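Following: one structure in structure tokens, then a few remarks.
For the numbers below, each heavy atom of this structure counts, side chains included, while hydrogens, waters and symmetry mates do not. Source: prediction; values computed, not measured. Throughout, residue positions are numbered sequentially from 1 according to the sequence presented. Order of appearance sets the numbers: ligands from 1, and atoms from 1 within every ligand.
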Amino acid sequence: EFVSVSELANMMDVNVNEVISTCMSLGLFVSINQRLDAETLTVVADEFGYKVEFVSADIQESIDDADEEDSEENLVPRSPIVTVMGHVDHGKTSLLDYIRSTNVIAGEAGGITQHIGAYHVTLDEGKDITFLDTPGHEAFTAMRARGAQVTDIAIIIVAADDNVMPQTVEAINHASAAGVPIVFAINKIDKPGANPERIKEELANMNYLVEEWGGKYQSHDISAKQGKGIEDLLEKVLLEAEMLELNANPKKRAAGTIIESSLDRGRGYVATVLVQSGTLKSGDIVLAGQYFGHIKAMFNERNQKIEEAGPAQPAIILGLDGAPQAGDNFHVMENERDARGIANKREQLAREQGLRSQKHITLDEIGRRIAIGNFQELNLIIKGDVDGSVEALSDSLIKLSTEEIQVNVKHKAVGQISESDILLAAASEAIVIGFQVRPSLSARKLAEREQIDIRLYSIIYDAINEIRTAMEGMLSPDI
Ligand code: GDP
């Protein structure tokens with residue numbers, strides 16, 4: 001089993017629905033993510049006039065090898081990976097900078113002076129946290145949209161001299177859509193006029209009840225500027241992490257995610273990677289996106305040369321033959337021939353298709369997906385012109401849920417449809433609904449590129465009716 005239905009559609013540059021209906025005509029009921037065996041692949045591709053070559057079969061195997069079920073005895077605890085999100089100017093950068101420069105408690109001599117996109121700090125009692133130093137929910141969701149689930153816990157920072165702001169709500173919804181637990185940091189408590197209780201009340205009004213208020217969300221009052229309360233905040237993050245029982249197998253070829261990459265005049269291509277499983281070693285052959293290479297040298301966030309990096313550890317690697325994108329996965333390969341093979345194949349595919357991204361769900365496709373029986377959740381993002389209609393529309397749409405299909409509203413807000421809405425839709429397979437609002441120019445371009453379905457309405461009834469019809473499977477053109 002090599003290629004999924006949607007991957008095959010992508011490779012042949014045809015609509016995924018056509019592949020599914022071709023399979024149906026051959027008596028095969030397949031879902032979009034289902035992997036096809038060699039024989040089916042050959043037959044289906046043939047229907048579209050393509051010949052299948054199995055050059056990549058052993059290559060895929062060699063990637064799969066490393067992903068093999070991790071047996072209990074190989075799993076060891078790993079540090080949590082944490083992202084900081086919040087409204088602009090509420091203190092994301094200040095918090096990350098403070099932690100980076102002080103290395104908080106058990107400080108190895110001095111702090112970390114360079115920005116590499118991620119860093120690892122040791123707290124009391126040898127407990128560690130890895131921070132993604134690319135703050136903001138846009139970076140977080142852009143990575144998710146590329147298929148990278150990196151973050152274990154989100155710190156949502158809110159300035160106590162301000163209010164819960166639209167981007168605070170966005171950050172909360174982006175973290176929730178990813179299923180990532182949240183710890184609140186109420187910042188700037190040193191400022192005159194700061195009122196942390198007001199923030200907690202505003203959060204309560206959104207149904208995010210902090211612990212002091214009898215809820216389940218941990219929260220701590222801090223001053224990122226003065227470093228007040230930060231140790232305690234991180235203790236709470238560690239508590240949250242304990243409940244997640246984070247484990248990884250360090251005894252296999254490494255795999256993980258590209259956090260940043262660039263071309264450095266002296267050193268060639270430089271990439272910051274985060275190892276998520278296995279152990280990355282100097283000299284390893286790394287495949288990342290369309291690029292590959294032997295690791296010529298590897299450094300930690302303190303610019304010290306290292307030979308190895310284990311799970312949840314970031315590392316700077318030199319030796320790739322290009323700059324992969326943030327959010328691309330990387331894999332250590334057994335040999336250079338395989339790495340080169342896949343890298344070339346990916347490059348060729350990307351060239352042939354332009355830079356086409358994977359296809360996302362559309363309203364028209366829902367009927368067919370339901371018919372195949374692999375569609376249980378309809379995710380929506382709702383933007384509107386006034387709060388009342390956003391709430392009314394959201395309530396009505398959620399009520400359309402049936403026993404078979406749950407309607408989820410991943411994010412709703414007043415305002416035009418933004419790039420961040422499109423990213424969230426791409427990352428959580430959602431359809432975007434605009435009521436009396438339109439997408440911004442950049443959002444429209446991004447939606448075209450990512451193939452996100454945006455539906456615009458000016459009458460609430462029309463929106464409800466169309467979604468209901470789609471859910472009843474009536475919108476599918478030719479099933
Ligand atoms: P970001 O946009 O969320 O990354 O916010 P920054 O970290 O850049 O902070 C925005 C502004 O708020 C800067 O001028 C910071 O110096 C200031 N600031 C951040 N944290 C605190 C704090 O705890 N107390 C005070 N008084 N100012 C802060």
Side-chain angles (χ1 to χ4, degrees), residues 81-105 111-119 121 123 129-144 150-151 153-176 178 180 182-200 202-203 206 208 210 212 217-237 259-260 272 301 314 326 411 413 415 418-420 423-424:
I81 299 164
V82 175
T83 299
V84 180
M85 310 192 225
H87 193 76
V88 65
D89 280 349
H90 279 196
K92 297 179 292 291
T93 315
S94 304
L95 175 60
L96 282 164
D97 283 351
Y98 178 84
I99 297 169
R100 203 157 49 90
S101 62
T102 55
N103 197 13
V104 199
I105 307 164
I112 305 158
T113 50
Q114 53 173 356
H115 259 283
I116 66 161
Y119 58 83
V121 293
L123 311 179
I129 301 181
T130 300
F131 285 92
L132 288 182
D133 198 359
T134 48
H137 59 277
E138 294 87 355
F140 169 82
T141 299
M143 290 244 256
R144 274 187 70 223
V150 184
T151 302
I153 294 169
I155 294 179
I156 305 275
I157 192 164
V158 196
D161 67 334
D162 200 357
N163 294 88
V164 167
M165 297 296 279
Q167 283 179 59
T168 315
V169 178
E170 255 183 58
I172 291 173
N173 290 342
H174 281 227
S176 298
V180 170
I182 292 171
V183 173
F184 290 102
I186 316 287
N187 190 31
K188 306 199 187 184
I189 52 162
D190 60 287
K191 278 187 116 173
N195 185 351
E197 293 313 302
R198 186 185 59 228
I199 302 296
K200 289 166 203 171
E202 288 174 6
L203 291 173
M206 294 174 55
Y208 283 85
V210 301
E212 294 169 71
Y217 292 93
Q218 306 212 58
S219 152
H220 205 78
D221 297 350
I222 65 165
S223 164
K225 195 167 201 164
Q226 300 178 342
K228 246 194 242 151
I230 292 178
E231 283 176 33
D232 294 330
L233 172 72
L234 299 185
E235 283 301 325
K236 290 184 171 171
V237 168
I259 304 297
E260 280 183 8
T272 299
E301 59 275 79
H411 176 58
S418 67
E419 272 181 276
S420 138
L423 282 173
L424 182 61

Flag side-chain contact, heavy atom, 4.5 Å: His220 against Glu231 | no
Asp97/Lys225 ion pair, N-O < 4.0 Å | no
Mutual orientation of the aromatic rings belonging to Tyr217 and Tyr208 [parallel < 30°, tilted 30-60°, perpendicular > 60°] = tilted
Would you check the N or O atoms of Lys191, main chain and side chain alike, for any that come under 3.5 Å of an N or O of ligand 1?
-> no
Of all the non-hydrogen atoms in the protein, which one sits nearest to atom 27 (N) of ligand 1, and at what distance?
-> Lys225 CD, 3.6 Å
Does His87 reach ligand 1, in the sense of a heavy atom lying below 4.0 Å from it?
-> yes
Tell me, do His137 and Gln167 make a side-chain contact under 4.5 Å, heavy atoms counted?
-> yes
Nearest neighbour of atom 9 (O) of ligand 1 from the list Ala160, Ala185, Ser94, Gly86, on a heavy-atom basis = Ser94
With a 4.5 Å heavy-atom cut-off, do Met206 and Val169 have their side chains touching?
-> yes
Numbering as shown, the atoms of ligand 1 that approach Lys92 to under 4.0 Å (heavy-atom distance) = 1 (P), 2 (O), 3 (O), 4 (O), 5 (O), 7 (O)
Among non-hydrogen protein atoms, atom 4 (O) of ligand 1 lies closest to Thr93 OG1, 2.4 Å
Select one of side chain, backbone, both or neither to describe which atoms of Asp89 lie under 4.0 Å from any atom of ligand 1, heavy atoms only.
-> both
Would you mind checking which non-hydrogen protein atom is closest to atom 17 (C) of ligand 1, with the distance to 0.1 Å?
-> Lys188 NZ, 4.0 Å
Would you say Leu95 has any N or O atom under 3.5 Å from an N or O of ligand 1, going by distance alone?
-> no
Short check: is a protein heavy atom less than 4.0 Å from atom 2 (O) of ligand 1?
-> yes
Under 3.5 Å: N/O of Gln226 near N/O of ligand 1 | no
Is Val88 close to ligand 1, meaning an N/O of one under 3.5 Å from an N/O of the other?
-> no
Look at atom 13 (C) of ligand 1 and say whether a protein heavy atom is found at less than 4.0 angstrom from it.
-> no
What's the shortest distance from atom 20 (N) of ligand 1 to any protein heavy atom, and which residue and atom give it?
-> Asn187 ND2, 3.1 Å
Looking just at side-chain N and O atoms, do His90 and Asn187 make a donor-acceptor pair shorter than 3.5 Å?
-> no
Check Asp190 against ligand 1 and report side chain, backbone, both or neither, counting heavy atoms closer than 4.0 Å.
-> side chain
May I have the step-by-step check of side-chain contact (heavy atoms from CB on, under 4.5 Å) for Ile199 and Phe184, ending in yes or no?
-> CA-CA 10 Å; Ile199 302 296; Phe184 290 102; over 6 Å; no
Between Ala175 and Met85, which heavy-atom pair has the shortest distance, and what is it?
-> CB-CE, 4.0 Å
Kindly determine whether Phe140 and Val180 satisfy side-chain contact (heavy atoms from CB on, under 4.5 Å), including the steps that lead there.
-> CA-CA 11 Å; Phe140 169 82; Val180 170; 4.1 Å; yes
heavy-atom search around atom 5 (O) of ligand 1 in the protein gives Gly91 N, 3.1 Å
May I have the step-by-step check of salt bridge (charged side-chain N to carboxylate O under 4.0 Å, His left out) for Arg100 and Asp133, ending in yes or no?
-> CA-CA 9 Å; Arg100 203 157 49 90; Asp133 198 359; 3.4 Å; yes
Can you tell which part of His90 has a heavy atom less than 4.0 Å from ligand 1: side chain, backbone, both or neither?
-> backbone
Considering all heavy atoms of both residues, which atom of Val158 and which atom of Thr168 are nearest to each other, and what is their separation?
-> CG2-CG2, 3.8 Å
